[in-house]
Amino acid sequence: MMALPPSRKPLVSLRGLCVTYSGANAPALEDIDLEMVQGERLALIGESGSGKSTLALAVAGLLPDSARTAGSVAWAGAPPLGGRDFGFVFQDPAGSLDPVMAVGRQVAEVAHVHLGLSWADAQARARDLFGRVGLPDPDTLVHAHPHQLSGGQKQRVALAAAIAARPKLLIADEATSALDTIVQAEIVALIRRLVAEDGMTLMFVSHDIALAASLADRIAVLRGGRLVECGPTRQVVESPQATYTQKLIGAHIGLDSPPLISVATGLESDG
């Protein structure tokens, strides 16, 4: 079992988790032991097919019926309810929004159902959330439909819906990869601020180790369905133990990119 941050209680514990999809030649996840603690920011990184998105879906209980599982996913306290105990932000915001319903109503419904707010109060919360996630003119935009919004605006709406019921855990699965570089940076900064303000735990799924290092307290590296390394961000960046992690760091090449160690140091001073 990988070491946990000190003096924090586990929120989710994975023990020997294995996931195999119907028709697949190999497991998507194999013998995963991992814990998330309350209030931490954990990044899951790895290449396409490494199992990181499957792990996020398993934590959320959103695996398809065709997936065969072994091992356990245990939450502290009562079994979690999606929308109330955790919010999930997917890579494609358009796919998670109802195309025929006003976006404000979609966010308000989460608050109405899970917080027990009156419809008027739920609508007011949606407008407030639109302001918090940086959407312009919330009073007007709550009446817009998804096709009227840009990709970045849709992702901000998806974030608003994900946090509408004040969840304990926010799961962002490649939530910035479909956005351009500038908007991507804005969404990452927004996620960091919202998690800090609301005291949420964060699971951030990405293939980009630099992006993970800019946001996470701890990094878990997956390859071929196995957890190959997990530890504090600075430790993983400065002294990677797995050859695969070393290759991921070595692939972070770019004249405009800050060194990963500087990114991790900046995260520590920020958090």
Side-chain angles (χ1 to χ4, degrees), residues 41 53 56-57 60-62 64 80-208 211 214-215:
R41 296 174 294 191
S53 291
L57 292 171
L62 296 177
L81 180 63
R84 182 194 67 190
D85 296 309
F86 66 84
F88 207 116
V89 184
F90 295 91
Q91 177 177 349
D92 177 15
S96 60
L97 297 174
D98 188 328
V100 299
M101 184 185 295
V103 291
R105 182 178 182 87
Q106 296 184 53
V107 175
E109 280 198 346
V110 178
H112 177 63
V113 171
H114 294 298
L115 296 181
L117 299 181
S118 68
W119 187 243
D121 288 342
Q123 289 177 310
R125 177 156 177 76
R127 289 192 294 271
D128 177 66
L129 286 166
F130 275 26
R132 285 190 65 199
V133 300
L135 287 166
D137 192 8
D139 289 339
T140 300
L141 210 61
V142 291
H143 302 293
H145 287 76
H147 73 272
Q148 298 173 294
L149 306 180
S150 68
Q153 288 175 328
K154 290 175 187 175
Q155 199 60 291
R156 290 174 188 270
V157 171
L159 267 169
I163 66 171
R166 304 186 182 97
K168 302 171 185 175
L169 172 65
L170 176 64
I171 302 174
D173 184 7
E174 297 280 12
T176 63
S177 62
L179 307 173
D180 65 54
T181 303
I182 294 176
V183 178
Q184 182 181 85
E186 292 174 350
I187 296 297
V188 168
L190 174 60
I191 289 173
R192 182 188 295 111
R193 176 172 61 80
L194 293 173
V195 167
E197 289 176 352
D198 290 3
M200 290 182 288
T201 303
L202 173 67
M203 175 181 283
F204 185 79
V205 179
S206 178
H207 62 274
D208 187 335
L211 202 60
S214 74
L215 183 61

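These figures come from a predicted structure and were not determined experimentally.
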Would you say [X] and [Y] make side-chain contact, with heavy atoms under 4.5 Å?
{"X": "Leu190", "Y": "Gln155", "value": "no"}
{"X": "Trp119", "Y": "Arg105", "value": "yes"}
{"X": "Arg125", "Y": "Arg166", "value": "yes"}
{"X": "Ile187", "Y": "Arg156", "value": "yes"}
{"X": "Leu62", "Y": "Phe90", "value": "yes"}
{"X": "Leu170", "Y": "Leu194", "value": "no"}
{"X": "Val103", "Y": "Gln153", "value": "no"}
{"X": "Arg192", "Y": "Ser214", "value": "yes"}

Not counting sequence neighbours, list each pair that qualifies as a salt bridge (charged side-chain N to carboxylate O under 4.0 Å, His left out) and has a residue in residues 136-154.
Arg127-Asp139
Would you give the length of the straight line joining atom [atom1] of [X] to atom [atom2] of [Y], rounded to the nearest 0.5 angstrom?
{"X": "Gln91", "Y": "Ser206", "atom1": "CD", "atom2": "OG", "answer": "10.0 Å"}
{"X": "Asp121", "Y": "Asp128", "atom1": "CG", "atom2": "CG", "answer": "12.0 Å"}
{"X": "Lys168", "Y": "Met200", "atom1": "NZ", "atom2": "CE", "answer": "14.0 Å"}
{"X": "Leu179", "Y": "Glu174", "atom1": "CG", "atom2": "CD", "answer": "11.0 Å"}
{"X": "Leu202", "Y": "Leu169", "atom1": "CG", "atom2": "CG", "answer": "7.5 Å"}

Full working for side-chain contact (heavy atoms from CB on, under 4.5 Å) between Gln184 and Leu211:
CA-CA 10 Å; Gln184 182 181 85; Leu211 202 60; 4.2 Å; yes
Using atom types as modelled and distance alone, determine if a side-chain donor or acceptor of [X] lies under 3.5 Å from a backbone N or O of [Y].
{"X": "Asp180", "Y": "Ile182", "answer": "yes"}
{"X": "Asp85", "Y": "Leu81", "answer": "yes"}
{"X": "Gln106", "Y": "Leu97", "answer": "no"}

Closest approach of [X] and [Y], non-hydrogen atoms and distance?
{"X": "Phe88", "Y": "Ala162", "value": "N-CB, 4.1 Å"}
{"X": "Val107", "Y": "Ala160", "value": "CG1-O, 4.0 Å"}
{"X": "Asp98", "Y": "Pro146", "value": "O-CG, 3.4 Å"}
{"X": "Ala122", "Y": "Ala108", "value": "CB-O, 3.4 Å"}

In sequence, state the C-alpha distance, the side-chain angles, and the governing distance for Arg41 and Val195, and then conclude on side-chain contact (heavy atoms from CB on, under 4.5 Å).
CA-CA 9 Å; Arg41 296 174 294 191; Val195 167; 4.2 Å; yes
Please evaluate residues Gln123 and Val142 with respect to the criterion side-chain contact (heavy atoms from CB on, under 4.5 Å), reporting the C-alpha separation (whole Å), side-chain torsions for both, the decisive distance (0.1 Å), and the verdict.
CA-CA 9 Å; Gln123 289 177 310; Val142 291; over 6 Å; no
